[in-house]
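A short worksheet on the structure shown next.
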2 protein chains.
Amino acid sequence: MPGGPRQRGRYHHGDLPSALLDAGLEQLATAGPAGFSVAEVARRVGVSTAAPYRHFTDRDGFLAAVAARAAERLAAAVAAAATDDDPRDRLAAAAGAYAVFVAEHRTGFDVVYAPALRAARDADLAAAGRAVMALFLDPAREIAGDGALELTEQVVALAHGYATLDAEGFLTADRVTDVPTATRARRAARALIDGAAG
Amino acid sequence: MPGGPRQRGRYHHGDLPSALLDAGLEQLATAGPAGFSVAEVARRVGVSTAAPYRHFTDRDGFLAAVAARAAERLAAAVAAAATDDDPRDRLAAAAGAYAVFVAEHRTGFDVVYAPALRAARDADLAAAGRAVMALFLDPAREIAGDGALELTEQVVALAHGYATLDAEGFLTADRVTDVPTATRARRAARALIDGAAG
DNA sequence: GTCTATAGAGCGATAGAC
DNA sequence: GTCTATCGCTCTATAGAC
C-alpha cells in the first residue's frame with residue numbers, strides 16, 4: 001500500500017458512492033436528519049465537497065439514499081428481533097427493536113416518510129418503509145383483525161417515543177434502573193397490546 | 001397611529017424582550033428547536049438581527065427562555081385537560097393533551113431537557129419542566145404506587161411518540177379515520193395504563 | 001436600546017481544470 | 001471521476017454609531 005489512504009491530497013477512489021453511503025449512515029446517526037451535511041460526509045470520506053454531487057442529485061437525494069440504506073437495516077433489525085410465534089410477543093419485540101435502532105441510528109418512520117424525502121422519490125426508501133411497516137402490521141392483524149391499523153399506530157407511536165426520548169438523553173439522564181431501553185420499550189408495548197386487545 | 005409598525009426603517013419598541021419571546025414561540029413551533037434562528041425571530045419582529053443580543057446572552061439562552069415560556073403553556077394545557085377524578089382517566093387525558101400541544105408547538109420533554117439548554121441554566125425552564133412532569137407523576141402514583149416512575153415513562157413515551165409522528169405528518173398522511181390526534185393518543189394511553197396496571 | 005455594518009463560519013451547489 | 005475554486009446564502013455574534 002504505497003501512500004496512506006484518507007490523505008488530504010490528490011487521489012481517487014474505488015467505490016465512492018458506496019463509501020459515501022457508509023459515511024452518510026454515520027453522519028445521520030450522529031447529527032440526525034436536520035443536521036445532515038453533505039460537506040461533512042465528504043470530509044469524512046476524504047474527498048472534496050463537490051464529489052458527492054457527481055453521484056447524487058442534491059442534498060435530499062443523497063439523504064434519501066442514505067435513509068433507504070438505514071431503513072433496510074432497520075427492517076432487518078426488527079425482523080431479527082420479532083421472531084416469536086405469539087403475535088403479541090412478536091409485536092412487542094418489534095417495538096423494542098425499533099426503539100433501540102431508531103435511538104441509535106436516528107432513522108425511523110419520521111425520516112422514512114419525511115415530506116422532504118418523498119420528493120426524492122427513492123424507490124428503495126419507499127420499499128424499505130413498507131417492509132418495516134409490515135413487520136408491525138402482520139402481528140397486529142393476527143391480534144386485532146380489523147383494529148390492526150389502530151393497534152399498529154399505537155405501538156409504533158410508543159416505540160418511536162422511546163426512541164426519540166432516548167436519543168435526546170431524556171431516558172438515560174436520571175436513570176434509576178439499569179434495565180436496557182429495548183426491554184423497557186418491549187414491556188411497555190406488551191402492556192399496551194394487552195390493554196388494547198383485552 | 002402615525003406610521004405603520006413593523007416597518008423596515010428606523011423605530012424603536014415598547015417591550016422588545018416580550019415581543020421577541022412571542023415571535024420566538026412562533027418560530028419554535030414552525031422551525032422546531034434545530035431550525036430555531038435568532039435572526040429569523042428578529043426579522044419577524046421587525047428589528048435588526050443584533051437587537052436580541054441586548055436582551056439574551058446567546059442563541060441557546062434565548063431559546064431556553066422561549067422554551068420556558070412554551071413549557072409553561074404546555075403545563076397549563078395539560079393541567080386544563082387532566083381534570084378527571086379517576087387517576088387513569090386523568091393520566092390518559094394528560095397524554096392526549098401533551099401529544100397535541102407538542103405536535104403543534106414543538107416543545108416537549110425533548111426540548112425542555114435538551115442538554116444544550118441545560119447549559120443555559122434557565123430556572124423558569126427547569127421549573128416548568130418539573131410542573132409538566134408532576135402532572136403525569138401524580139396520577140401515576142395513585143395508579144401504580146412504587147411503579148409510578150415506570151408507568152410515567154411509558155405514558156410519556158407514548159404521548160411523545162404521537163406528538164413527533166404527528167408533527168412529521170406521519171399520522172395525518174394516509175389517514176383513514178378522522179378521529180383527532182388528541183383522542184387517539186388518549187385512547188392509546190388508556191389502553192397502556194390498563195394493560196400495565198391490570 | 002436600537003441601529004448599521006461587519007467578521008467569520010458553514011453549507012449547498014456549480015464551473016472548469018485535470 | 002475527482003479536484004480546486006468560487007458564488008451565494010444564512011447564521012451567530014461583536015463593534016461602534018446614534
Side-chain angles (χ1 to χ4, degrees), chain A residues 2-24 26-28 30-67 114-117 119-120 122, chain B residues 3-24 26-28 30-67 114 116-117 119-120 122:
Chain A
R6 304 289 148 101
Q7 284 287 64
R8 215 65 194 84
R10 86 174 63 256
Y11 77 108
H12 70 130
H13 214 281
D15 187 356
L16 183 56
S18 175
L20 287 170
L21 287 175
D22 284 341
E26 283 181 48
Q27 162 74 356
L28 183 53
T30 58
F36 185 85
S37 153
V38 178
E40 177 61 28
V41 175
R43 237 172 272 128
R44 282 196 202 215
V45 173
V47 297
S48 78
T49 60
Y53 292 93
R54 285 286 129 185
H55 304 279
F56 303 97
T57 65
D58 57 10
R59 178 198 184 263
D60 281 352
F62 182 27
L63 179 52
V66 173
L117 298 193
D122 187 306
Chain B
R6 305 287 146 100
Q7 284 287 63
R8 214 68 194 82
R10 87 175 61 256
Y11 77 109
H12 69 132
H13 213 279
D15 186 357
L16 184 54
S18 175
L20 287 170
L21 287 175
D22 284 341
E26 283 182 48
Q27 162 74 355
L28 182 53
T30 58
F36 185 86
S37 152
V38 178
E40 176 62 26
V41 175
R43 238 172 270 127
R44 283 196 201 214
V45 173
V47 297
S48 79
T49 60
Y53 292 93
R54 283 286 128 186
H55 304 279
F56 303 96
T57 64
D58 58 10
R59 178 198 183 264
D60 281 353
F62 182 27
L63 180 51
V66 174
L117 298 193
D122 187 306

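Hydrogens, waters and symmetry mates are skipped; everything else that's a heavy atom, side chains included, is used. Numbered from 1 within each chain, the chains take letters A, B, ... in sequence-line order.
The side-chain heavy atoms of L21(B) and F62(B), taken from C-beta on, include a pair separated by under 4.5 Å. Side-chain contact between L28(A) and L63(A) is present, with heavy atoms from C-beta onward closer than 4.5 Å. Contact check for V45(A) versus L16(A): side-chain heavy atoms found under the 4.5 Å cut-off.
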Please list, for nucleotides 8-12 of chain C, all pairs of protein and nucleotide N/O atoms separated by less than 3.5 Å.
unit_1  : atom_1 : unit_2 : atom_2 : d
dC11(C) : OP1    : S37(A) : OG     : 3.4
dC11(C) : OP2    : R43(A) : NH2    : 2.8
dG12(C) : OP1    : R59(A) : NE     : 3.3
dG12(C) : OP2    : V38(A) : N      : 3.1
dG12(C) : OP2    : A39(A) : N      : 3.2

Derivation and outcome, side-chain contact (heavy atoms from CB on, under 4.5 Å), residues V41(A) and F36(A) = CA-CA 8 Å; V41(A) 175; F36(A) 185 85; 4.1 Å; yes
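In this structure, NE2 of H55(A) is placed 6 Å from C1' of dG1(D), rounded to the nearest angstrom. Rounded to an integer number of Å, the gap from CZ of F56(A) to C1' of dT14(C) is 18 Å. Atoms CZ (R54(B)) and P (dC18(D)) sit 16 Å apart, rounded to a whole Å. The CG-C1' distance, from L20(B) to dC3(C), rounds to 14 Å in whole Å.
Heavy-atom minimum distance, S37(A) versus Q27(A): N-NE2, 3.0 Å.
Listed by first then second residue, pairs satisfying salt bridge (Lys or Arg N to Asp or Glu O under 4.0 Å) with a partner in residues 48-58 of chain A number zero, not counting sequence neighbours.
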